[in-house]
Amino acid sequence: MIVTLSKLRHAIAASLSITLAYLFPLYYGIDDTSTAAITVMVIATADSLGSSIQKGFYRVIGTYIGAVVGITLIALFPQDRFLYLIVLSILVTIVLYFARAYRGDKTIFLLTAMTMMIVFDGGKVDDIFLYATQKTILTVIGIVIYTFVSVYVIKLKESKNDDKNIFKFVWFDIEDMKGAFISFLVFWFSVYLWMDFEIVYGYYIIILATSLSLYTTYSVAKGSTLLIVYTFSFIFAIFSYIFILPNIHGWWSLSVFLFLYSFVGFYFINQKITLFYLLGMATFLIENEMDFNFAIFLYVLAIFYLFLFVLLIFDFFPFNQSSEHMFLKLKDRFLYMVEKNPNSIHLKETLRKMQFHSAKIDYDYFGVKKDDLMEFCRACEECLKTKDIQKLYNYNIDFDRLKESKF
């Protein structure tokens, strides 16, 4: 019951924050109604344990750093878009590596990377600095709204572990480095799609796919799962666009709709993939004076599908990220490190990832028993204390079965 109540409180705080993030620009007549709301979505889906003034402050700092770097790059390469993209891709990859290596609030670095990319208006040069400033301010407004609501209105309790994770990094983790490299590839594959096919709004594919690759590489949030979740959101969005939004004419009815749409995602869907459900809300292109054009609506939905397909491709390329493959790799790495470097900080990280992937293996397909793998992981955990590696070789588990391909 405690967990359910905690999830309910978080769902209310996040949904209220998204609603306010939409209402703020609408009230002040700002054309960009989604930036602040998407900022809240990104933060809230990664922050189920509560927020704090300190975390909000770091997020604002990260956003401003991203804005300054992004605007500086625009000023340095005003006429050379390709060189701008090269430098931007390298810096974004570095920042997303920091996000992976950081064992705390990853949204601090994610917002930095997103802001670096978002201030670039798809290659347009007219009023670019005004555009960049507005995007930055709206991002900060989203951070402030969520921090205020979660700290002062709903009063979510911050995790006790957060203080221990302040500025804690684990450097040179193999999966973190591979993940950063995948983000780099995702960036340039998205650039290829945008430029070669001249996709209108195609730059948003770059922003979304590159940023959210943080959550899909070596994670439970796989591209195939996200396609299913987004398709559910897609159906719900079409229903809402046709039957609900045209009948909304006041602030209160719009507020109720936005709150309930968000609440469904935060309360009924796994936190790891909630963001991809909520992105369906951004396809509505909500404005003070709505122009209901179903063709444009479907085109925006297609853009979102395209960025998910990009992430799906890099589930399989260039590294095998299947749980059975990862478990075998991590097992061999663990055994080697226990013998050669038993005091390495990466030893605990390796065990943590082993435990994660062991729970995701298709036991029936590979003919291995879940209890056997769980017991092996517990023995590895005990080995961290005793350093008795010999016991791990005595388990009668046919690990070779996991080498078979499912495809």
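Sequential numbering from 1 along the given sequence is applied to the chain's residues.
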task: Quick one: list whatever passes ring pair (Phe, Tyr, Trp, His ring centres under 6.0 Å) with Tyr152, sequence neighbours left out.
output: Phe148

statement: Those residues at least two apart in sequence (or on a different chain) that pass salt bridge (charged side-chain N to carboxylate O under 4.0 Å, His left out) with Arg333 are Glu175

task: Sequence neighbours left out, what passes salt bridge (charged side-chain N to carboxylate O under 4.0 Å, His left out) with Glu375? Give chain and number order.
output: Arg378

- request: Enumerate the residue pairs fulfilling salt bridge (Lys or Arg N to Asp or Glu O under 4.0 Å) with a member in residues 176-204, sequence neighbours excluded, ordered by first and then second residue.
  value: Arg103-Asp176

message: A quick test of your reading: do over 12 heavy atoms of other residues, nucleotides or ligands sit less than 6.0 Å from NZ of Lys106?
response: yes

query: For Asp372, what residues pass the side chain to side chain contact (heavy atoms under 4.5 Å, CB included) criterion, not counting sequence neighbours?
result: Lys369, Ile397

Tabulate below the donor-acceptor pairs under 3.5 Å that side-chain atoms of residues 297-307 make, not counting sequence neighbours, or state none.
from, atom 1, to, atom 2, distance (Å)
Tyr299, OH, Val200, N, 3.1
Tyr299, OH, Val200, O, 2.8
Tyr305, OH, Thr231, OG1, 2.7

message: Among residues at least two apart in sequence or on other chains, which ones pass ring pair (Phe, Tyr, Trp, His ring centres under 6.0 Å) with Phe236?
response: Tyr261

query: With sequence neighbours left out, which residue pairs that include part of residues 21-32 fulfil the side-chain hydrogen bond (donor to acceptor under 3.5 Å, both in side chains) condition?
result: Asp32-Thr35, Asp32-Lys135

- prompt: Quick one: side chain to side chain contact (heavy atoms under 4.5 Å, CB included) partners of Asn343, sequence neighbours excluded?
  reply: none

message: Holding to side chain to side chain contact (heavy atoms under 4.5 Å, CB included), I want the full list of residues that pass it with Leu245, two or more places apart in sequence or in another chain.
response: Tyr241, Ile248, Phe257, Phe284, Phe292

- request: Identify, with sequence neighbours excluded, every residue that meets side chain to side chain contact (heavy atoms under 4.5 Å, CB included) alongside Thr72.
  value: Val68, Leu76

field: Pairing residues for Tyr204 by the ring pair (Phe, Tyr, Trp, His ring centres under 6.0 Å) criterion, not counting sequence neighbours
entry: none

